[in-house]
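Heads up, the thing below is written out as structure tokens.
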Amino acid sequence: MISQDAKKKLQAIVGEENYLDSKQSLVAYSYDATPNYQALPDAVIKPRNTQDVSEIVKVCNEYKIPIVPRGNATNLCAGTCPLEGGIVMIFTLMNQLLELDEENLTVTVQPGLITLDMINAVEAKGLFYPPDPSSMKISTIAGNINEGSGGLRGLKYGVTRDYVIALEVVLPNGNIIRTGGKLAKDVAGYDFTRLMVGSEGTLGVITEATLKLIPKPETKKTMLALYDSLEAAGRTVSKIIANKIIPTTLEFLDQPTIRVVEDFAKIGLPTDVGAVLLIEQDGPLEVVERDIKRMAEICQEENALSVQIAQTDEEGTALTTARRSALSALARLKPTTILEDATVPRSKIAEMVREIEVIAKRNNVQICTFGHAGDGNLHPTCMTDARDKEEMHRVEIAFEEIFEKAIQLGGTITGEHGVGVMKSPYLAWKLGEEGVEAMKTLKMAFDPNNIMNPGKMFAKESRKRVVVNR
Amino acid sequence: MSAANDKRQQELAIDMKQGMDYDELINCMRCGFCLPACPTYRESGGNEAASPRGRIALMKAVVDGIMEPDEDFEKQLSQCLGCRACEPACPSGMKYGFLLEDARDIIQKKKKHSLPVKMLRNVVFNELFPKPNRMRMVSSLLWFYQSTGIQKIAQATHLTKIAPGNLSAMERVLPKVPSPSKMKNRPSHVASEGVAKKKVAFFSGCLMDTMFMDTNDSTLYILSKSNCEIVIPKKQNCCGALHAHSGEKDGAKQLAKENILAFEKVEAEYIISNAGGCGALLVDYGHLLKDDPEWADRAKAFSAKVKDISEVLYEVGMPKMRLEPQTVTYQDSCHLRNVMGTFSAPRKLLQSIEGVTFTEMKDADRCCGSAGVYNIIEQEMSMQILDVKMKDAKATKARTLVTANPGCLLQMKLGIERAGLQKDVRGIHIVDLLAEAVRYAEGQA
């Protein structure tokens, strides 16, 4: 609950029109894209600038009011669901592109700018911001930074983390700090920039970000390879990398996913194939042509049933439709779609996918798997119905077993979605109790009153795991 | 809050609980893919409650008992344009339009309208639109107003300014209505000019066959020129779209049955509509009557035959078309695009006119803000959306602004007036432009 006193102070900072507490607003900001999580905040607040944010945070710190910074809530870990009430802070009034620096190849933006709007502005100048989360049409930059978003181009270009070079952050005591800079080299003290990326709003509020840009690749080519077996597809992935080719994109769909995609999209995919690889390369024309040719050969060598290289951009787009429609197709099957995010070293992809199949069968749940084969980031996706408590329990067990296996293979519990509430019980599986302890100490140093997105990342209780040692 | 109001909200909550399709409500995976597609979300500066995801959450919250169906809730549902641009964007395949119709229907039934509003709704939904004779009568009054010089006097003396809000501007952009005798003697059959390639049935509509009769005549003309034999069942009625979108579902169902009955009697390959708003409801008849065992299958069969005029013309092929050199742009009708899935056929037809330079406008697929009676009920939001639209239209430098739905057409004409472009730009229905182009080509030949 927010006292009348605190409410008056908050309204005085942003103006009454930017402090929302009608029931309608509370409901509208009570969820994100994570199935099964909903909680009403006590208010929604729209800061207009960094100063507003600083003053809001001071009031919240004084009255111990939780703050949940929220972009457009496309995250899949319940990271922006206000589970402990308090205020949801939204950045619709702080959504400007502040500077496009063509000399230093950087762009400086406000937190609420939509990722795709920024990408379009940058590409209009012949520059390139590689991270491309699937939600980029909707997601905001600060949302990407807080959740540590990935995307389809992660294999070659890295993820959001690799492009954030400077931040302005309001700390939980209201202090405003600046981290990093438009610099290639900088070792002045702790690397707060990297610490903030993926911190899920638990350490402070990002109020400005400077991102690194690169020149836009000249050309791009796409191809699709079909396989009999998962192993063959997996071997292809390893062999491509072993041949010292790093494609932009190396996406993969398993057999159940292919069947569902075909059922829904009717694009002529053979439903009896074991796996599909979608491969893209970009860069100078000669390099792209050479790499694509060599990769097509590797696909053939590994017994691909067919390899199609798109001859035109339109054909390329048509091929990527197969991958892009995976979510659409899966989402239409059952009311609740739980899209998970286990990640393993890429050499273990085939083994992991096979294990997921076994786990699904053993627990009698329907799981389809697709994802970023090139970087080992898999999205086992469960089609279920949240109202069926008994089935939901089995789903939970299945996912536990999947995380367990991923860790066993040297992987992690989340590759790009974040910990939030969803994965918090499993964090210790990845970090060990000591690791979690160290993180909690850090959190408390920044935020002794625990006002910043409380209840996220650190669970009240961790899940016990049979195998403790990695 | 008064006790009466409290009681009404409680009752409404119960009705929502019983009447809403809960399976559909929980199908929303809240991914947010709908947000960029939604005009009111954009125009409200990114207010989640004004987005499809938000509105579904509000409906579900009412059903779940998390919130009361308060005034804010009703207002938010009323603010939705119903353009359904969110549907093609949705991975889960949400039937947002149906949810909205259901919710509005439930709210409407509990609504205590003021007496004038109640009377007006009764006249519009029960006494006017479903009764072709009366539609003609009202149009005749308008004809009288326009053709006797009263209109000119009224405009010159600024009498029209007395009308509330947009109505005075609307009055200026209404089409020139045909005379009563013309409206009465409508054909029921038009032969194909050459050997008939197809036999089609024409859904003539209520507004389209009175106020926009010229457009219907153009439709028959170009269909005949394209070698289609056309039957126009006499007993057909208003499609019911206005009813369905305004929370008068029972009225819509009644009209649907009358239309199914009328068209079952003729054997035609397609049932052709030339108004996006009507066509979208016609293809939804199958859904509208899904729970009525006597009608469900018949409605489905009817809906399966419905096609927009541009799809049919594109399929059968148009005769030679030509116009004075001009730049043309096209504003999608939301329902035509998002519900019927028609967007490339009209563009291809326009591009095939000799002399025409087709320039796509930015966000042509975005609602113009007309949305049935939305531009009267939610005037402020509607005009905000329209002004953005006119900026995009103006940027194409087009002289001809084409639409495929009467509501959109009036809105475009209103927009042209608001932007002061009357001298340079004309708004026109696509079939009127196609007919013009056929005649021009013939005259030249």
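Convention: sequence-line order gives letters A, B, ...; per-chain numbering from 1.
Atom CZ of Phe358(B) has more than 12 heavy atoms from other residues, nucleotides or ligands within 6.0 Å. Around the CD atom of Glu360(B), the shell of radius 6.0 Å holds more than 12 heavy atoms that belong to other residues, nucleotides or ligands.
Contact of Cys90(B) with chain A is made through the backbone alone, with heavy-atom distances under 4.5 Å. Contacts between Arg55(B) and chain A at a heavy-atom distance below 4.5 Å are absent for every atom of the residue. Contacts of Ala61(B) with chain A are made by side-chain atoms alone, with heavy-atom separations under 4.5 Å and no backbone atom involved. The contact between Thr74(A) and chain B is made by backbone and side chain atoms together, counting heavy-atom distances below 4.5 Å. Neither the backbone nor the side chain of Thr336(A) comes within contact range of chain B, judged by heavy atoms closer than 4.5 Å. For Asp117(A), no part lies under 4.5 angstrom from a heavy atom of chain B. In this structure, chain B has heavy atoms under 4.5 Å from both the backbone and the side chain of Ala73(A). Only the side chain of Leu40(A) comes within contact range of chain B, with heavy atoms under 4.5 Å apart. The parts of Ile26(B) that come within reach of chain A are both its backbone and its side chain, each placing non-hydrogen atoms under 4.5 angstrom from that chain.
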Working for side-chain contact (heavy atoms from CB on, under 4.5 Å), residues Leu327(A) and Met29(B): CA-CA 11 Å; Leu327(A) 172 64; Met29(B) 60 194 290; 3.8 Å; yes
Could you walk me through whether Glu48(B) and Arg70(A) pass salt bridge (Lys or Arg N to Asp or Glu O under 4.0 Å), step by step? CA-CA 11 Å; Glu48(B) 176 83 24; Arg70(A) 176 191 185 275; 2.9 Å; yes
Under the criterion side-chain contact (heavy atoms from CB on, under 4.5 Å), I'd like the reasoning laid out for Lys23(A) against Phe73(B): C-alpha separation, chi angles, the key distance, then a yes or no. CA-CA 9 Å; Lys23(A) 204 55 181 280; Phe73(B) 172 75; over 6 Å; no
Working for side-chain contact (heavy atoms from CB on, under 4.5 Å), residues Arg387(A) and Asp23(B): CA-CA 10 Å; Arg387(A) 290 168 297 183; Asp23(B) 282 340; 2.7 Å; yes
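Your options are Gly112(A), Pro335(A), Pro35(A), Ala329(A), and the one with the most heavy-atom pairs under 4.5 Å with chain B is Pro335(A). In terms of heavy-atom pairs under 4.5 angstrom with chain B, the leader among Ala331(A), Ser134(A), Ala386(A) is Ala331(A). Looking only at heavy-atom pairs under 4.5 Å with chain B, the residue among Asp32(A), Ile138(A), Thr92(A) that has the most is Ile138(A).
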